[in-house]
Amino acid sequence: MNEDVTTSDWARKIPREQREDFLARGWWRDRTPVDDLLEAIERNPHKAAVVSYAKGSAMPRTVTYGQLGSLITRFAGALDALGVGKGDIVSIQLPNTWEFPALAIAAMRIGAIPNPIPHIYRENELSFMLRHAGSKVYIVKAQHGGFSYADMARRLRPGLPELAHVVVLGEDDGDFTSFDDFFVDTRWDLVDGVGELLAQRHPQPDDPALLLFTSGTTGRPKAAVHSHNTLWAQGRPIADAVQMVEDDVSFMASTVGHLTGFYWGTYLPLSLGQKVVYQDAWDPRALVDMIEYEGITWMLSATPFALDMIDALKQQPRPLGSLRAFACGGAPIPPHVAIQMQEHLGVELLSLWGMSEVGVCTIHQLGTPVEVLAESDGMQVEYVDLRIVDDNDEPVADGEEGRLQMRGPGIILGYYKQPEAIAAAMDDEGWFDTGDNGRRTPHGGIRITGRSKDIIVRGGQNVPVVEIENLLLTHPGVKEVAVVAYPDDRMGERGCACVVAAGDATPTLADLTAHLAEAGFTKQFWPERLLLLDQFPKTPAGKVQKYRLRELVQEDIALAG
């Protein structure tokens, strides 16, 4: 057999010689970050592992490494008691709280695959994700942010025959498994045989470690699956750039349901033995206080979070002595942000570019001059191959725009139950087409110039444009619709619905968003502007020219003042 990593029919084949090369170069390992975490638990049982701030609560919940280790074992026993076996999918939709890392790592410890889901997602996304993954257990908070996730789970469950258990945190009417009763209060960690169970199912470096749905850009989301080794390779560039050590303190603003929050806000810092600080609801002014009394040294989030912190410091200027680095990615970074980060926060901004399927491909280092930060999205990571090609896959000259392709040790195993998707994204030589366009800068960096698939990146989240368009086409007042991006200083991009009305009907933006709300579509993905047109600009073949629509939207914004 030529491949070592997996023989699953949905996964790409990884030749044995490539695996051995990655190991020899130190890009993969014969251990997992779970092993690193278990050593940190043994080494520093009394050190704070997770400090969790909840909106409306005066005091945070602190979980030490020793407590985290006990909780992981207890929760692993609970999952086993629910019938979760090796390779089963456990979907977890929670805000940033202490329960998330304990549950996600507990799933890993028994050989299951955690599937984090952003807490902003609703029925439209959840019904597809849980069904496609064949999730055996779905863990969710009963209420959060004024929304009843328990009621949503109640509506979804009849259509999910493979979903054996719904576990609910907080008050519910008894329809589901109580997290407090079954996971917390029951001492599964003391049950005979739990140690043997964990030893038998201990995760191996090339085992599937994480299933994460990417934001859909050409239809339904894709179910990306990483191994522990591909995940570890993804995280190295940021750890190296920030010069992380065990004494560092991490803060994560992005949701733990996204790769950014899961990996750099949970899996990586805990494996390094760091203290991790969470907020269950984003509050930049409260964060400014936390930086001081929690001693936060680094954070990673999308551009909107950086801009919110700048605004908070403008309103109440104060030094942030411990914070030394803010790694920023997920959306284009306006050139002035790096300067403002240094002026108002006194902290260095490290811009980067990557994607869930391949990890970080470019990043700046501490001490990079502001003018270099302003002109690119980072320098190429040393163990990632990058090329910029034209439509014929021929390399373009430096400075010219083209399609960005990469290859390296951080590429996913594949798309779960979607083998055609990985085959379309990756060629026989291992080059993965990122879907982004870019060019090389005079300093040797990479500047992202656009997206070849016409997606919208709003606050670091890819907006599923095709799904929105398909839903809006079912509105009686819509004859044709195309959703395109327009720039926004805070979110990076927002969506505009360009519409040709049906007959004499003239739908309003409120009409369209109400239609999306009725379909259960996530609010953060709704278009935030409407442009009514008599007809769309099209090619001779009848294809809508979205670049012209973007120009028309910009003209409309300029006219509106």
Side-chain angles (χ1 to χ4, degrees), residues 214-215 217-218 237 302-303 328-338 351-364 368 371-382 384-408 411 424-427 429-458 460 462-463 465 482-489 491-496 537-539 541 543-555:
T214 65
S215 301
T217 60
T218 56
T303 309
C328 197
I333 300 172
H336 68 279
V337 172
S351 57
L352 59 94
W353 164 72
M355 59 188 300
S356 298
E357 288 94 329
V358 301
V360 176
C361 298
T362 68
I363 190 170
H364 287 299
T368 299
E371 60 271 17
V372 177
L373 285 170
E375 75 162 15
S376 75
D377 297 289
M379 311 298 284
Q380 180 175 333
V381 172
E382 64 174 309
V384 168
D385 291 330
L386 283 180
R387 69 181 186 184
I388 304 175
V389 300
D390 59 22
D391 290 339
N392 296 316
D393 286 340
E394 294 295 329
V396 302
D398 285 354
E400 292 186 9
E401 181 179 345
R403 290 167 29 239
L404 273 158
Q405 298 179 339
M406 68 79 63
R407 63 183 178 187
I411 299 176
M426 196 171 182
D427 68 16
E429 295 181 350
W431 288 104
F432 189 97
D433 196 318
T434 68
D436 283 327
N437 290 339
R439 59 178 173 78
R440 292 193 182 272
T441 68
H443 287 102
I446 298 293
R447 168 59 82 192
I448 304 304
T449 58
R451 283 160 297 282
S452 58
K453 298 177 183 177
D454 286 321
I455 65 174
I456 299 170
V457 181
R458 183 189 186 276
N462 288 4
V463 175
V465 171
V483 178
V484 299
Y486 65 94
D488 180 80
D489 287 341
M491 301 305 293
E493 290 178 338
R494 297 182 189 268
C496 176
K538 297 179 180 179
T539 67
K543 184 178 179 180
V544 175
Q545 295 176 311
K546 284 197 168 182
Y547 76 93
R548 280 289 297 129
L549 290 179
R550 287 191 288 270
E551 292 172 355
L552 292 172
V553 171
Q554 289 286 71
E555 293 171 7

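Everything quoted here is computed from the prediction, not taken from an experiment. The first residue of the sequence shown is numbered 1, and numbering continues consecutively from there.
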Rounded to the nearest 0.5 Å, the CG atom of D398 sits from the CZ atom of R439 at a distance of 11.0 Å
Residues forming a salt bridge (Lys or Arg N to Asp or Glu O under 4.0 Å) with R440, sequence neighbours excluded: none
Passes side-chain contact (heavy atoms from CB on, under 4.5 Å), M406 versus I411? Steps please. CA-CA 9 Å; M406 68 79 63; I411 299 176; 3.7 Å; yes
Nearest 0.5 angstrom please: R494 CZ to Y486 OH, how far? 6.0 Å
So, for A485 and R550, which heavy atoms are closest and what is the spacing to 0.1 Å? O-CG, 3.7 Å
Polar side-chain atom of N392 near backbone of E394 as donor-acceptor pair, under 3.5 Å: no
Minimal non-hydrogen separation, G495 against I456, with atom names: CA-CD1, 3.8 Å
Value for CG (D433) from CH2 (W431), rounded to nearest 0.5 Å, stands at 11.5 Å
Donor-acceptor under 3.5 Å (Q405 side chain, R387 main chain): no
Closer than 3.5 angstrom, by distance alone: can the side chain of R447 be matched with the main-chain N or O of E375 as a donor-acceptor pair? yes
Which residues pass the side-chain contact (heavy atoms from CB on, under 4.5 Å) test with E555, sequence neighbours left out? L552
Validation row: L352, P237 side chains within 4.5 angstrom (heavy atoms): no
So, D393 and R403, do they make that salt bridge, N to O below 4.0 Å? yes
How long is the straight-line distance from CG of L404 back to CH2 of W353, given to the nearest 0.5 Å? 4.5 Å
So, for K546 and A482, which heavy atoms are closest and what is the spacing to 0.1 Å? CE-CB, 4.1 Å
When rounded to the nearest 0.5 Å, the distance separating SG of C496 from CD of Q554 is 10.0 Å
Spacing of CE belonging to M379 relative to NE2 belonging to H443, to within rounding of 0.5 Å: 8.5 Å
Measure from the side-chain N and O atoms of T362 to the backbone N and O of D377, and report whether any donor-acceptor pair falls under 3.5 Å. yes
For the residue pair S351 and S376, what are the closest heavy atoms and their distance? OG-O, 3.6 Å
Of all heavy-atom pairs between I388 and E401, which one has the smallest distance, and what is that distance? CG2-C, 4.3 Å
If we only count heavy atoms from C-beta on, is the V358 to V384 side-chain gap below 4.5 Å? no
